[in-house]
Amino acid sequence: MEVLRPGMLTTVQDWPGRTGYWHIGVPPSGPMDDLSFRLGNRALGNDEGAAGLECTLGGPALRFTAPTWICVTGAPADVTVDGVRVPQWRTVRVPAGGMLDVGAVRGPGMRCYLLIAGGIQLPEYLGSAATFTLGRFGGSTGGALRAGESLPLGTHHGRVVVAVSMEEQPVLTRRWELAVTEGPHGAPEFFTRDDFDTVVGTDYEVHFNSDRTGVRLIGPKPEWARADGGEAGLHPSNIHDTPYSVGALDFTGDTPILLGPDGPSLGGFVCPVTVVAADRWKLGQLSPGDTVRFVLVRSDRAASIRELGLARRAAWPTVLSAGGDGDDGVLRRADVDDETAVTYRRAGDDGVLVEYGAMTLDLGLRARVHALHQHLLAARVRGVSELTPGIRSLQIRVDRHVLPVPALLDLLAEAETQLPPPARLVVPSRVVHLPLSWDDPSTREAIIRYMHGVRADAPWCPWNIEFIRRMNGLDTVYDVYDTVFGAEYLVLGLGDVYLGAPVATPTDPRHRLVTTKYNPARTWTPENAVGIGGAYLCVYGMEGPGGYQFVGRTTQVWNHRATTTSVLRPGADRAATDAETPWLLRYFDRIRWYPVEAEELLDLRADFAAGNVQVRAEDGEFRLADYRTFLADKAESIELFRTRQAEAFAAERNSWRSAGELTIQPIVPVTNRKARPR
């Protein structure tokens, strides 16, 4: 199959995509409208997940070297074979040498799908041929189709039917109703009751700045049930980084975003509702200007994503529901010991988010998460598809037909009786030395883009480092520099903004700079930018959106030249020294930064991209008992630091309340990257 014209944004996708790697920041990708995709494959006699093409806004022109059956589904578009118009949702024979032309999408809807008998046969990356353009892998080139390339097709053995029946075809519209479940983070803990009623009682508008990572919505600003996010950040939407669900309504500050199949797996924002799995196909057809209404449903009565027929309810333009579960997304609460509680939250109809303790940064809670994670890995629980740790949480995704959520809750309660005390935690913990270009030119460019394209009056502009200084009550930006380079950052999660990107916090609380996240979030962040949000530091694994306050840039944390050749168990980690493993870091690694000039970093990045990876790492271990002894010994100085920090944090918050948001006088960054900042 030769590509004569690639179309607006045409990518190879398969279903269910790249599963089993959510814990290290690899999204599933796959067709955004899985229903249209799978129905077309079934009509051709293919496996439902066979690789085909997703066409956004407009499709490609293709020439076939042999007679081939095809089926075009999804949003309406003009489709011709050798200039003769052919119908969608019907199987069509393209002759040898024939040209198939998929024109512009007319709407309603945003994406159409081209399925081909035998499917597209391409090498798999991490178990799938699905294209993840931001990660630059999958498909034939890691990106959208290109003119002149040829795609190999598989041998077809299935039975072709005439068409997808009318009863099974999904209804596309300009006003959408999405079936959602409550949780994981709703009212009254995070949103007020009025806020939550507004979420499920308002027609939101789809913003033009939407894509496969997420669909941005325009709607009312919440009042919020909290004054701020504490250690997680100044804005009340901020929480300690937690695993996300595809289909979650993520409030990045006051901006609601429906997370898509290329969205992040880990982040620090609350999600009041989650689109059920069977309704997530609609995200792929939401177009700018469309309206969206969220309809609460009972999680146990949600349609099954396994279905493709009438039971999927896709032919109904409305969601019929008598209401949601009425539990605010909280499935169960319990005490695991005299000091620690556990909350089991609903994460869609196919997931549970286990949260330990209070909303605070406590490495003892991360130790408990680690113990549960390892226990479930060892148990090889049937029906569990993904295990993703956060700071104080573990997300468990399940096939609810194999493992119903109530049965999972009982299993988790039993697991708590078998877990070792967190104080006994001893884990391998390497010290990994990474370069940091302080206040790198690429991060300054990102701030400028944000000011020109999103908002110019944000209190963290025009220089994030000055904002960090002010929020933490430090005397000068010298102190920010010294604190970052003097800290040892413990890796608590991977995949915080994709591709093995670490979320880490200093082991010494006196090094924990606390700041808030961008509101609204950036639309562009340079690859491997280093930022601070809440009390956490992250490295951005690739270009994309983001909200952490920049301090600089480092080398890659993902090696595109490496790939795993075996399928990992859900949530399992592979030693970073394995040459086949793309991700560099592991849980509980300790990162130490050393300064480099911006030009030197570019050379290091080029070496990394060429496969000349030289990262100095020293083996060691992390013992929670020893760490707690350290905290006790330094308690007085830690408390003095926190008191000063809290005063500055409160002053910033009060100024936001009384005068809107502060305007910062422009500060000229330093030009000598090895010098201390001025």
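Index from 1, following the sequence.
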Legend entry - Min side-chain heavy-atom separation Glu527-Arg553 under 4.5 Å: yes
Inset, instruction - Scan Val557, Thr525, Leu499, Asp496 and name whichever one has a side-chain contact (heavy atoms from CB on, under 4.5 Å) with Tyr540. - result: Thr525
Legend entry - salt_bridge(Lys282, Asp290) N-O dist < 4.0 Å: no
Legend entry - Worked verdict on Tyr204 versus Phe294 for ring-ring contact (aromatic ring centres under 6.0 Å, His included): CA-CA 9 Å; Tyr204 288 84; Phe294 300 109; 5.8 Å; yes
Inset, instruction - Examine Arg38 relative to Trp15 and say whether NZ or CZ is less than 6.0 Å from the centre of the six-membered ring and inside a 45° cone about the ring axis. - result: yes
Legend entry - Main-chain N/O of Arg586 paired to Asp589 side chain as donor or acceptor, under 3.5 Å: yes
Inset, instruction - Apply the test side chain to side chain contact (heavy atoms under 4.5 Å, CB included) to residues Val180 and Leu249: give CA-CA distance (whole Å), side-chain angles for both, the deciding distance (0.1 Å), then the verdict. - result: CA-CA 9 Å; Val180 298; Leu249 181 63; over 6 Å; no
Inset, instruction - Could you tell me which non-hydrogen atom of Ile120 sits nearest to which non-hydrogen atom of Met1, and how far apart they are? - result: CD1-CE, 4.1 Å
Legend entry - Check: Tyr518/Asn464 side-chain N/O donor and acceptor closer than 3.5 Å: yes
Inset, instruction - Could you check whether the rings of Phe190 and His185 sit parallel, tilted or perpendicular, using 30° and 60° as the cut-offs? - result: perpendicular
Inset, instruction - Return the orientation label for the His23 and Tyr21 ring planes: parallel under 30°, perpendicular over 60°, tilted otherwise. - result: parallel
Inset, instruction - Please determine if Asp349 and Arg400 form a salt bridge, counting it only when a charged side-chain N lies under 4.0 Å from a carboxylate O. - result: yes
Inset, instruction - Search all heavy atoms of Pro170 against all heavy atoms of Leu39 and return the closest pair with its distance. - result: CD-CD1, 4.1 Å
Inset, instruction - Start with the C-alpha gap between Thr141 and Glu149, add the side-chain angles, then the distance that decides, and say whether side-chain hydrogen bond (donor to acceptor under 3.5 Å, both in side chains) holds. - result: CA-CA 10 Å; Thr141 64; Glu149 69 173 308; 5.1 Å; no
Inset, instruction - Identify the two heavy atoms, one from Arg212 and one from Gly30, that lie closest to each other, and give their separation to 0.1 Å. - result: NH2-O, 2.8 Å
Inset, instruction - Heavy atoms only: give me the nearest Gly390-Leu266 pair and the separation to one decimal. - result: CA-CD1, 4.0 Å
Legend entry - Result of checking Asp33, Asp350, Asp34 against Arg280 for salt bridge (charged side-chain N to carboxylate O under 4.0 Å, His left out): Asp350
Legend entry - Gap separating the CH2 atom of Trp22 from the CD atom of Gln395, nearest 0.5 angstrom: 8.0 Å
Legend entry - Side-chain donor-acceptor pair present, Thr388, Glu386, cut-off under 3.5 Å: no
Legend entry - Of Leu172, Thr173, Leu35, the residue whose pairing with Gln285 passes side-chain contact (heavy atoms from CB on, under 4.5 Å): Leu172
Inset, instruction - Could you tell me the separation between the CG atom of Asn528 and the CD atom of Gln556, rounded to the nearest 0.5 Å? - result: 5.5 Å
Inset, instruction - Report the C-alpha separation of Glu54 and Leu114 in whole Å, then their side-chain angles, then the decisive distance to 0.1 Å, and conclude whether the side chain to side chain contact (heavy atoms under 4.5 Å, CB included) test is met. - result: CA-CA 7 Å; Glu54 177 178 270; Leu114 170 60; over 6 Å; no
Legend entry - Donor + acceptor pair across side chains of Arg397, Ser245 (<3.5 Å): yes
Inset, instruction - Flag yes if more than 12 heavy atoms outside Arg306 fall under 6.0 Å of its CZ atom; otherwise flag no. - result: yes
Inset, instruction - Decide side-chain hydrogen bond (donor to acceptor under 3.5 Å, both in side chains) for Thr242 and Ser393; before the verdict, give the C-alpha distance in whole Å, the side-chain angles of both, and the deciding distance to 0.1 Å. - result: CA-CA 6 Å; Thr242 190; Ser393 58; 3.1 Å; yes
Inset, instruction - Go through the steps to decide whether Phe269 and Phe251 satisfy the test ring-ring contact (aromatic ring centres under 6.0 Å, His included), and finish with yes or no. - result: CA-CA 6 Å; Phe269 297 104; Phe251 272 81; 9.9 Å; no
Legend entry - Student check: side-chain heavy atoms of Leu361 and Tyr536 closer than 4.5 Å: yes
Inset, instruction - Working to the nearest 0.5 Å, report the span between NZ of Lys517 and CZ of Arg522. - result: 12.0 Å
Inset, instruction - Flag this pair as yes if the NZ/CZ of Arg366 is under 6.0 angstrom from the six-membered ring centre of Tyr587 and inside a 45 degree cone about the axis; otherwise no. - result: yes
Inset, instruction - State the CG-CG distance between Leu434 and Leu585, to the nearest 0.5 angstrom. - result: 6.5 Å
Legend entry - Closest contact, heavy atoms only, Tyr498 versus Thr213: OH-CG2, 3.7 Å
Legend entry - Heavy-atom donor-acceptor pair, Arg605 side chain to Thr554 backbone, under 3.5 Å: yes
Inset, instruction - Working to the nearest 0.5 Å, report the span between CG of Leu53 and CZ of Arg111. - result: 14.0 Å
Inset, instruction - Quick one: pull up CG in Asp241 and CG in Leu492 and give me the separation to the nearest 0.5 Å. - result: 9.0 Å
Legend entry - Minimal non-hydrogen separation, Asn559 against Tyr125, with atom names: O-OH, 4.5 Å
